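Contents: one structure, followed by commentary.
Chain identifiers are assigned alphabetically (A, B, ...) following the order of the sequence lines, protein sequences preceding nucleic acid strands; residue numbering begins at 1 within each chain. Here the structure is a predicted model, which is why all the values come from computation and not from measurement.
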2 protein chains.
Amino acid sequence: MSRWTVPYHHGSLPEALMDGVARAVTEHGVTGVSLRDVARQAGVSHSAPAHHFGSKAGMLTAFAARGYDLLAESVIAEVAAAWANDGAAELAAIGRGYVAFAIGHPAEFEVMFSPDAIEIDDPRLHAASEAAYAVLTSAIGRCAREGRLHGRSPEVVAVAAWSMVHGLSALWLSGRLAERITEQDPHRLAAAVSSLFVESILPA
Amino acid sequence: MSRWTVPYHHGSLPEALMDGVARAVTEHGVTGVSLRDVARQAGVSHSAPAHHFGSKAGMLTAFAARGYDLLAESVIAEVAAAWANDGAAELAAIGRGYVAFAIGHPAEFEVMFSPDAIEIDDPRLHAASEAAYAVLTSAIGRCAREGRLHGRSPEVVAVAAWSMVHGLSALWLSGRLAERITEQDPHRLAAAVSSLFVESILPA
DNA sequence: CGCAGTTCTTGACAGTGTCAAGATTGAGCG
DNA sequence: CGCTCAATCTTGACACTGTCAAGAACTGCG
């Protein structure tokens, strides 16, 4: 079980490296991630990661892609738990799920939105983020069919909704938000902000 | 005028270094900024910056603090230009000014919200960001006095407003937004989103 | 058993941030 | 003017980084 028993063919190096990235980002931020440090933690040589991910940017890109999958999971779970019987409730659940992902996976969130640290044109990344956006447009479409848009542009409403939950996530993780407000539970804050949005902007 | 005429006592090294940081961030992102590269561009030795800013993080912190000043400028300019005769119009102007700053100074915006690249506890930074937040709470207070909150928590409304404009800025700069929508002018988009917010959430 | 092919190591390279020590300069003061 | 001194910048060294080329060790398949 010690690392000397598995000098070659680690068996699950990619997974171990992903865990190492999560730890490194949590401790030192994206800017402080070191390929060699991550490799050391996994018990392999300094250039073993290159074989699986090509480069440091490739490793972080894989980490971000995994993050998009987790984001979709979190959003879908929250929507399912809400038993949303209208578009507004569904959109609010999406918002809560988005923020819940950011709070639960801060390292992934940070890397996903650090464009210059990853390979932004990676097809897997693009597809995963496309899927996440589709969930949003689907909910907005449902609201439109329910007559909740009141003549407003679906595009503007979608951008507003996405911006709000993304901004809340980013500001919360930056720490600049918590120090200025009384509410210290990000999930309750996300629920309140999401409710405010759908109740005011998307009434029946 | 050439750098050989001023080998010592550059005269305005800090300013020249700030310009170099802006260029480096624009070209390579926060993660790709190199102290030595910035120093080279300014025509000084690789460790000259340390004398003024202490470290790389210190240099980026100074850059971020300058960014907060520019943010306040941008917001105040937009509010002044709007001749806002009520709190809702003032808040919408603040939103437009926030996004306009992010679009006009993407390098500053990126560094300001890269907590692990800067010295987050720097007092100058804290004061500057405090001032920017005060503008927001003041506008929300004005809305409250005008009876536009309709029983909603001022704190939640403030967080929602800040989150929305911050998220819009971050998403736009990340490039993930423009590729999915038809509106390609970020200023018009900011105006539309800000209007949607105040008209739906803060009616008279 | 032999032998690809995958997985990982080793060693080298240029480039990085930081630190200590020293060189150069301009301003203030006799 | 001449001296001193602090501020400014340079030089050189250190450990560390990401990438690359070459080779070693293991696995599975014939």
Side-chain angles (χ1 to χ4, degrees), chain A residues 1-21 23-25 27-64 111 114 116-120 122, chain B residues 1-21 23-25 27-64 111 114 116-120 122:
Chain A
M1 200 53 74
S2 73
R3 73 181 189 82
W4 290 272
T5 68
V6 283
Y8 273 79
H9 290 77
H10 180 286
S12 53
L13 225 206
E15 287 82 353
L17 292 173
M18 291 295 94
D19 292 349
V21 170
R23 181 198 53 82
V25 173
E27 286 178 9
H28 312 108
V30 207
T31 53
V33 172
S34 152
L35 243 177
R36 293 169 108 106
D37 178 54
V38 171
R40 267 191 298 269
Q41 289 283 326
V44 294
S45 81
H46 64 267
S47 69
H51 183 262
H52 291 279
F53 300 115
S55 67
K56 180 183 179 181
M59 187 175 72
L60 291 173
T61 302
F63 186 73
V111 176
S114 296
D116 48 275
I118 62 182
E119 289 157 1
I120 204 66
D122 187 276
Chain B
M1 200 56 69
S2 71
R3 73 179 192 84
W4 290 273
T5 68
V6 283
Y8 274 78
H9 290 81
H10 180 286
S12 52
L13 226 206
E15 287 83 353
L17 292 173
M18 291 296 95
D19 292 349
V21 170
R23 180 198 54 82
V25 173
E27 285 178 8
H28 312 107
V30 207
T31 52
V33 173
S34 151
L35 244 178
R36 293 169 108 106
D37 177 53
V38 171
R40 266 191 297 270
Q41 289 282 327
V44 294
S45 80
H46 65 269
S47 70
H51 183 262
H52 292 279
F53 300 116
S55 67
K56 180 182 179 181
M59 187 175 73
L60 291 174
T61 302
F63 186 73
V111 176
S114 296
D116 49 275
I118 62 183
E119 290 157 1
I120 203 68
D122 186 277

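Nearest nucleotide to the side chain of A:Lys56, out of D:dG18, C:dT9, C:dT18: D:dG18.
Residue A:Ser47 places no side-chain atom within donor-acceptor reach of the base of D:dT19, judged by atom type and a 3.5 Å distance cut-off alone.
Scanning both residues, A:Leu13 and A:Ala42, for their nearest heavy atoms gives CD2-CB, 4.0 Å. Closest approach of A:Ala39 to A:His46, counting heavy atoms only: CB-CA, 4.0 Å. Closest of all the heavy-atom pairs between A:Ser114 and A:Val30 is OG-CG2, 3.6 Å. Of all non-hydrogen atoms in A:Leu60 and A:Val111, the two that sit nearest each other are O-CG1, 3.5 Å.
For the pair B:Arg40 and C:dT16, the criterion of a side-chain N or O lying under 4.0 Å from OP1 or OP2 is met. Listed pair B:His52 / D:dC9 meets the phosphate criterion, a side-chain N or O lying under 4.0 Å from OP1 or OP2.
Taken over five-pair windows at either terminus, the axes of the helix from C:dC1-D:dG30 to C:dG30-D:dC1 are inclined to one another by 0° (rounded to 10 degrees).
The 5' end of DNA chain D is approached more closely, in terms of each residue's nearest nucleotide, by B:His51 than by the other of B:His51 and A:His46.
Between the P atom of D:dC26 and the CG atom of A:Leu13 lies a distance of 15 Å, rounded to the nearest Å. Atom-to-atom, CE of B:Met59 to P of C:dT16 comes out at 12 Å; the value is rounded to the nearest Å. One atom, NE2 of B:His28, and another, P of D:dG18, lie 17 Å apart when rounded to the nearest Å.
Listed for the A:Thr61 side chain is no donor-acceptor partner under 3.5 Å among the backbone atoms of A:Ile118.
Within residues 30-38 of chain B, the residues having any heavy atom closer than 4.0 Å to DNA chain D are, in order of number, B:Arg36.
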B:Asp37 and B:Arg23: side-chain contact (heavy atoms from CB on, under 4.5 Å), yes or no, with the steps?
CA-CA 11 Å; B:Asp37 177 53; B:Arg23 180 198 54 82; 3.2 Å; yes
For B:Met59 and B:Met18, run side-chain contact (heavy atoms from CB on, under 4.5 Å): C-alpha distance rounded to whole Å, both residues' side-chain angles, the deciding distance at 0.1 Å, then the answer.
CA-CA 8 Å; B:Met59 187 175 73; B:Met18 291 296 95; 3.9 Å; yes
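With rounding to the nearest 0.5 Å, the separation of OG in B:Ser47 from CZ in B:Arg36 is 8.0 Å.
Taking the side chain as every heavy atom from C-beta outward, B:Ser34 and B:His28 never approach each other to under 4.5 Å.
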